[in-house]
Amino acid sequence: MLDIRLLRENADSVKARLATRGGSGLDAEVDAVLACDTERRAAETRLQTLQADRNRLSKEIGRLRAQGQDSSAIEAQVKAQAAEMQELSQASAILEETQRERLLALPNLPQQSVPAGRGEEDNPLIRTWGEKPVLAKTEDHVAIGQRLQLFDFERAAKLSGSGFVCYTGKGARLERALINFLLDLHTREHGYTEISPPLVVRPEALTGTSQLPKFEEQLYRIERDDLYLVPTAEVPVTNLHREEILPAASLPLRYVSYTPCFRREAGSAGLGTRGLIRLHQFDKVELVKFVAPETSYAELETLVADAEKVLQGLGLHYRVVTLCTGDMSATSAKTYDLEVWLPGQNAFREISSCSNFEDYQARRAKIRYRPAAGDKPRAVHTLNGSALAVGRTLVAILEQYQDADGSVVIPPALRPYVGGTERVSPPQKPNG
RNA sequence: GGAGGAAUGGCCGAGUGGUUUAAGGCGGCGGUCUUGAAAACCGCAGUGCUCGAAAGGGUACCGGGGGUUCGAAUCCCUCUUCCUCCGCCA
């Protein structure tokens with residue numbers, strides 16, 4: 001949510017920056033918010049004048065009654081204002097709600113350094129790490145996984161429908177190993193505090209991080225209890241500090257959280273992609289930071305670096321791009337994507353997205369800090385990034401480490417987590 | 001799931017319709033005193049909105065929302081959370 005004061009004072013520059021996101025721009029929406037704001041303030045000012053009046057007269061009534069005198073004239077005077085006060089009170093409540101709704105619907109301002117562009121093709125390449133592995137043969141992860149009996153889509157569909165997977169045997173072990181590797185790396189070497197949050201949350205939490213109201217149809221909802229399954233750990237972890245004023249000395253807060261993520265992927269036409277790339281349920285290790293505004297862009301760089309360390313540690317070839325204005329999510333001020341090389345697709349695919357939301361989420365969720373004793377509270381900056389999407393990491397390992405004999409080499413960094421196993425080979429007996 | 005009880009400021013805690021401008025205590029900050037510190041004493045301290053160039057006003061907020069009343073921390077309804085007990089349960 002943008003600061004209404006910024007809109008009042010710099011409407012033109014806000015409009016110009018929002019317009020870089022593409023489409024027809026949001027000039028009309030900005031004007032509507034401002035019109036609402038003007039009307040709301042007029043109503044509130046008038047209401048508050050009447051309230052001051054009433055408070056004064058009510059005290060006078062108390063005084064008169066205490067002295068045994070007649071107060072009916074003043075009571076009549078106050079009653080005469082009641083209708084107008086009621087009316088103004090309702091009007092200002094409605095205007096306040098309308099203003100908030102309109103403000104919630106406006107996207108964040110892209111940061112100045114974010115390149116203008118229309119879509120994916122305009123995302124500038126920042127750097128590339130490693131090289132394409134030289135492979136004797138190139139299978140995609142679905143073929144590899146089926147031969148090695150690492151996961152089972154058919155049986156998962158029997159349980160839950162399409163878009164779900166069941167990891168089996170060494171596949172399940174590899175997945176668990178990856179999760180532990182990721183959590184250990186970020187807690188031990190990068191200073192993040194591990195969080196294992198609830199996986200169902202109230203609607204307010206989703207509004208705070210701005211999945212609601214816009215992406216309702218992407219969420220699994222438990223209607224009976226008005227709760228939602230988390231689409232990412234970002235939601236519970238960012239909302240840990242909702243409606244709090246944090247001590248400045250506590251910043252930056254850095255959290256790492258492993259959770260399953262649940263997404264309906266409505267409108268994605270049968271998920272579009274084969275295998276583990278896009279599922280209704282997947283595992284992800286997420287990094288979340290709460291920082292002082294002055295430091296948030298430096299923190300974004302280290303966030304990306306922390307995510308990259310994972311890929312480097314696993315020896316996976318990848319590249320980093322900056323999302324241009326047209327490709328960036330509405331919530332973000334600046335986003336870097338990490339794209340890992342997938343030989344099976346002959347393409348780089350997103351495996352991590354690292355964003356600085358500046359104060360956009362913090363204002364929605366009322367997450368503030370006090371810069372110094374006696375200062376007014378100020379919105380923190382929030383950041384988050386995947387480090388990493390576990391399923392896609394497994395895909396990258398299977399495809400980049402596949403060997404000529406049909407086996408897959410386990411990256412050395414991961415071996416301590418699989419009992420020292422160096423290679424996954426096809427099993428001796430058929431599965432089931 | 002059932003039956004009770006509770007929620008007041010950073011913390012503890014008083015307050016059951018009207019000078020309450022939420023008592024008092026603890027903790028915090030500033031000052032006086034002191035070579036310094038402690039103690040003592042004095043003072044300052046919440047959040048949002050709004051008016052104002054500013055100084056400074058106004059208004060709302062006693063878990064959330066709604067209601068009764070000229071006037072609500074206080075009375076009524078409702079929701080949430082916590083506690084105690086019962087039932088069920090990994």
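Throughout, protein chains are lettered first and strands after them, A, B, ... in sequence-line order, and every chain is numbered starting at 1.
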How many whole angstroms separate atom [atom1] of [X] from atom [atom2] of [N]?
X	N	atom1	atom2	value
A:D225	B:rU81	CG	P	11 Å
A:L95	B:rU50	CG	P	12 Å
A:D375	B:rU47	CG	C1'	15 Å
A:Q77	B:rG71	CD	P	14 Å
A:L57	B:rU19	CG	C1'	16 Å
A:E243	B:rG10	CD	P	14 Å
A:L64	B:rU19	CG	P	14 Å
A:R40	B:rG48	CZ	P	14 Å

Verify the contact: side-chain N or O of [X] to OP1 or OP2 of [N], cut-off strictly under 4.0 Å; return yes or no.
X	N	result
A:R63	B:rG71	no
A:K59	B:rG18	no
A:K366	B:rG48	no
A:R65	B:rC70	no
A:K376	B:rG48	yes

Under a 4.0 Å threshold between the charged nitrogen and the carboxylate oxygen, would [Y] count as salt-bridged to [X]?
X	Y	result
A:K289	A:E299	yes
A:R264	A:E217	no
A:R274	A:D140	yes
A:E97	A:R100	no
A:R202	A:D226	no
A:R40	A:E44	yes

Side chain of [X] (C-beta onward), nearest among [options]:
X	options	result
A:R202	B:rU81, B:rG18, B:rU47	B:rU81
A:I61	B:rG18, B:rC49, B:rU80	B:rG18
A:D37	B:rU50, B:rG67, B:rU47	B:rU50

Which one is paired to [N], where only Watson-Crick or G-U wobble pairs with both distances under 3.5 angstrom count?
N	value
B:rA3	B:rU84
B:rC33	none
B:rC61	B:rG46
B:rA90	none
B:rA54	none

Take atom [atom1] in [N] and the same atom in [M], then report the distance between them in whole Å.
N	M	atom1	result
B:rG43	B:rG58	P	22 Å
B:rA54	B:rA60	C1'	25 Å
B:rC33	B:rC41	C1'	9 Å
B:rG10	B:rA22	P	15 Å
B:rC75	B:rU8	P	16 Å
B:rG27	B:rU34	P	24 Å
B:rU47	B:rG52	P	23 Å
B:rC26	B:rA45	C1'	15 Å

Enclosure of A:E294 CD (heavy-atom neighbours >12, cutoff 6.0 Å):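 Result for CD/A:E294: enclosed.
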Tabulated below should be each protein N or O lying under 3.5 Å from an N or O of nucleotides 64-66 of chain B; please produce it.
none

How would you label the contact of A:R368 with the nucleic acid (heavy atoms, under 4.0 Å): base, sugar-phosphate, or nothing?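 It contacts sugar-phosphate atoms only.
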Which distance, rounded to the nearest 0.5 Å, do you find between the CD of A:E422 and the CG of A:L414?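 Here the interatomic distance stands at 12.5 Å.
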So, for A:S355 and A:T335, which heavy atoms are closest and what is the spacing to 0.1 Å?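 Closest approach of A:S355 to A:T335, heavy atoms only: OG-OG1, 2.8 Å.
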Main-chain N/O of A:D184 paired with A:T187 side-chain donor or acceptor, under 3.5 Å: yes
Any heavy-atom pair between the side chains of A:D283 and A:Y258 that's under 4.5 Å? yes
Would you say the side chain of A:L178 lies within less than 4.5 Å of the side chain of A:I397, judging by non-hydrogen atoms? yes
Could you run through nucleotides 51-61 of chain B and give me one letter per nucleotide, 5' to 3': B if any protein heavy atom sits under 4.0 Å from the base, S if only the sugar-phosphate is that close, - if neither? S------BSS-
Below 3.5 Å is the cut-off: list the nitrogen or oxygen pairs between protein and nucleotides 76-78 of chain B, distance only.
none

Polar contact flag, side-chain donor to acceptor under 3.5 angstrom, A:D152-A:T168: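 A:T168 and A:D152 do not have a side-chain donor-acceptor pair below 3.5 Å.
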On RNA chain B, more 5' by nearest nucleotide between A:I4 and A:E75 is A:I4
When you look at A:V291 and A:V380, which way does the side chain to side chain contact (heavy atoms under 4.5 Å, CB included) test go after all the steps? CA-CA 6 Å; A:V291 310; A:V380 301; over 6 Å; no
